[in-house]
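Here's the structure, in structure tokens; my notes come after.
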Amino acid sequence: MDPVIIVGAGPVGLALSLALATQGVPSVVLDEGTDKDEPRPARTVVLRSDTAAMVERLGCATVRAEGARWTGWRSMRRKQDVRQLVLGDGGAPAPLHIPQHALTRGLRNAVAGQQLVRLVTDSRLDSLEQDASGISVHTRGPGATWWRGSHLVGCDGARSTVRKLLGIRFPGRTAVERHAVAALRTELPWPDEALLHRQPPWHTGGDEVTARPLPDGVWRLDWLLPPRGELVTPDTLVARLRDTLAGWCGETPPYELLDTGVYTLHHRLARRWRVDRAFLAGDAAHLLGALGTQGLDEGLRDADNLAWKLAHIWHHGASEPLLDSYQAERRAAVAARLRAADQSLPILRGGSALRTYFPGSTRGHDTLLTDGHLGHGPLGAPPVYTHSPLAPEYADAQTLVGTEAGAPVADVRVTVPDGASARLRDRLGQGQLLVVLVAPGTGVWDRRHWVSAGVMPRLAAAVTALPVRAELLVTESYPGASAHTVLLVRPDGHLVASFTGVRPAELYAAADAARGGAPSALHGAPSAVHRDRTADIN
């Protein structure tokens, strides 16, 4: 079989290649640049806890080494604290904050040790052709050639060449927000806590400033700028920085300025995310980022969603419903996020009259912004694929648990087939469904006794008979689930369905729906990873 061609070697493209390799699928990553990224401490990303776990699972060592998980979140308005949240142990899940160049480097290092991924630099895509059995692309550069693949994924950013070659429109809103940014090493009064300060009392504070910690005493500070007009020079940015530090600390503390920048946020959504064998992911498919929403986090969710579907197709044959489900699920999720941000922007950024029109405001506005930054509510919560084309038909045997069908499952501790203990998240991303039995008491009984007792033998037989590969796991408890509840989980961690007891027929039907039905046909004959186009002509 031909490899999957990935255009773009940013975090999304690299993560997709690693996710495919984990599931036994080779890929070629075409990058128009070199494999060197300029360190930019002020260009950082915030990943939700489940997305950070996915990246770490792919082998990105810099997540732990160079990322920071906040211990708390603090909101202020003028001179007063409005809200404080504990994050991490004993509190809400803590996001991961990491410089983007460190994340990219960690993913590149993981790719370097992966035999199924080939990274080709200095290769700019300039043409694309599809046929019934695969897709061919041509790149120019020092090693200009044609490449042949089973499918292609454009992860090549906001100015995506893949999107343009496919003729896909990219409508949206320009210059939704502008920010001035600085990365510096200093001491602030809230070690390891992130801060959102609205309407700070000093005259250069503007409407909003955030401070987000990184390792080694480094902080990223963001100042919200007026949409148009204000020119931020190096001198004015330093003055703003000194005033902000003095406002928080009483006087300007010693600091080392590492990096600065000004960036503009746009909101855009591609009309289509799939054209036959070609797909879009990451910034090529969507741009978002206002009100604390995280575009790269959504891009990594794209990769996680698409990887297991391409892997299933690659190993078992074509399934149009499975391929169509990528756009149906991910585009709908990002569209909902953009819609929530666009609806909130006039309230949060509008004039005083509009703020008066929406009363209750200070705490309500703070909640909206906190949602975007921490991953809660419509601005930030993980997506729920309620109306997915892969959702099974309702059956009487289905039951409700603490996770809605289509939502990411809770990361409970499970017992794996060899008897070892693991986190449920650690079993994801391997191209197989997970069947989880809730069986209180298994933790205190010897495994050799309970694997052959009760419902286990019947459930093991039902799992073996499923139309796709699945792994049987056991957990002591799951939120909202009673004893002998059985959960069916997709490879990307989203709940397919939950059942009361062992229901082989219903479990089979749900697994069949989750894979998009039986493959329609095997596709593609084995071929070389790339070939000279003149050989095709002759």
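Residues take their numbers from the sequence shown, with the count starting at 1. Here the structure is a predicted model, which is why all the values come from computation and not from measurement.
- A salt bridge links Arg301 with Asp50: the closest approach of a Lys/Arg side-chain nitrogen to an acidic carboxylate oxygen falls below 4.0 angstrom.
- Without hydrogens or angle criteria, Ser75 side chain to Leu196 main chain gives no donor-acceptor distance under 3.5 Å.
- His376 is linked by a ring-ring contact (aromatic ring centres under 6.0 Å, His included) to nothing, counting only residues two or more places apart in sequence or in another chain.
- Ion pairing between Glu129 and Arg148 fails under the 4.0 Å rule for side-chain N and carboxylate O.
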Show me the donor-acceptor pairs within less than 3.5 Å that the side chains of residues 334-341 make with the rest of the protein, sequence neighbours left out.
{"residue": "Arg337", "atom": "NE", "partner": "Glu298", "partner atom": "OE2", "Å": "3.0"}
{"residue": "Arg337", "atom": "NH1", "partner": "Pro378", "partner atom": "O", "Å": "3.4"}
{"residue": "Arg337", "atom": "NH1", "partner": "Ala381", "partner atom": "O", "Å": "3.0"}
{"residue": "Arg337", "atom": "NH2", "partner": "Glu298", "partner atom": "OE2", "Å": "2.8"}
{"residue": "Arg337", "atom": "NH2", "partner": "Ala381", "partner atom": "O", "Å": "2.8"}

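- Applying the salt bridge (Lys or Arg N to Asp or Glu O under 4.0 Å) test to pairs two or more places apart or on separate chains, those with a residue in residues 255-266 are Arg40-Asp259, Arg185-Glu256.
- Contacts classified as ring-ring contact (aromatic ring centres under 6.0 Å, His included) and involving residues 10-29 (residues at least two apart or in different chains) are not found.
- Using a 4.0 Å cut-off between a side-chain N of Lys or Arg and a carboxylate O of Asp or Glu, Arg330 and Asp304 do not qualify as a salt bridge.
- With sequence neighbours excluded, the residues forming a side chain to side chain donor-acceptor pair (under 3.5 Å) with Asp156 are Ser160, listed by chain and number.
- Here Asp342 pairs with Arg173, His267, Leu345 under the side chain to side chain contact (heavy atoms under 4.5 Å, CB included) rule; sequence neighbours left out.
- Classification of Arg198 and Asp207 as a salt-bridged pair fails, no side-chain N sitting under 4.0 Å from a carboxylate O.
- For residues 49-96, the ring-ring contact (aromatic ring centres under 6.0 Å, His included) pairs, not counting sequence neighbours, are Trp70-His97, Trp73-His373.
- Under the side chain to side chain donor-acceptor pair (under 3.5 Å) criterion, Arg69 pairs with no residue at all, not counting sequence neighbours.
- Judged as a side chain to side chain contact (heavy atoms under 4.5 Å, CB included), and not counting sequence neighbours, the contacts of Arg268 are Phe170, Thr174, Leu287.
- Sorted by first and then second residue, the ring-ring contact (aromatic ring centres under 6.0 Å, His included) pairs with a member in residues 7-48 form an empty list; sequence neighbours excluded.
- Asn305 and His494 are not linked by any side-chain donor-acceptor pair at a separation below 3.5 angstrom, with hydrogens and angles left out of the test.
- With sequence neighbours excluded, the residues forming a side chain to side chain contact (heavy atoms under 4.5 Å, CB included) with Ser388 are Glu329, Tyr385, Leu390, Arg490, listed by chain and number.
- Checked options Val218, Asp222, Thr44; the residue passing with Arg212 is Asp222 (criterion: side chain to side chain contact (heavy atoms under 4.5 Å, CB included)).
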Inset, instruction - Take Trp273 and Phe279, measure what ring pair (Phe, Tyr, Trp, His ring centres under 6.0 Å) needs, and give me the verdict at the end. - result: CA-CA 5 Å; Trp273 289 27; Phe279 301 82; over 10 Å; no

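- With sequence neighbours excluded, no residue forms a side chain to side chain donor-acceptor pair (under 3.5 Å) with Gln294.
- At least one donor-acceptor pair under 3.5 Å links the side chain of Arg220 to the backbone N or O of Ala42.
- Annotation: Arg242, atom CZ; neighbour count of heavy atoms from other residues, nucleotides and ligands within 6.0 Å does not exceed 12.
- The minimum heavy-atom distance linking Leu125 with Ser127 is given by the pair CD1-O, 3.6 Å.
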Legend entry - Worked verdict on Asp366 versus Arg77 for salt bridge (Lys or Arg N to Asp or Glu O under 4.0 Å): CA-CA 9 Å; Asp366 171 73; Arg77 186 171 181 266; over 6 Å; no

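- For Gln84, the CD atom sits in a packed shell: over 12 heavy atoms of surrounding residues, nucleotides or ligands are nearer than 6.0 Å.
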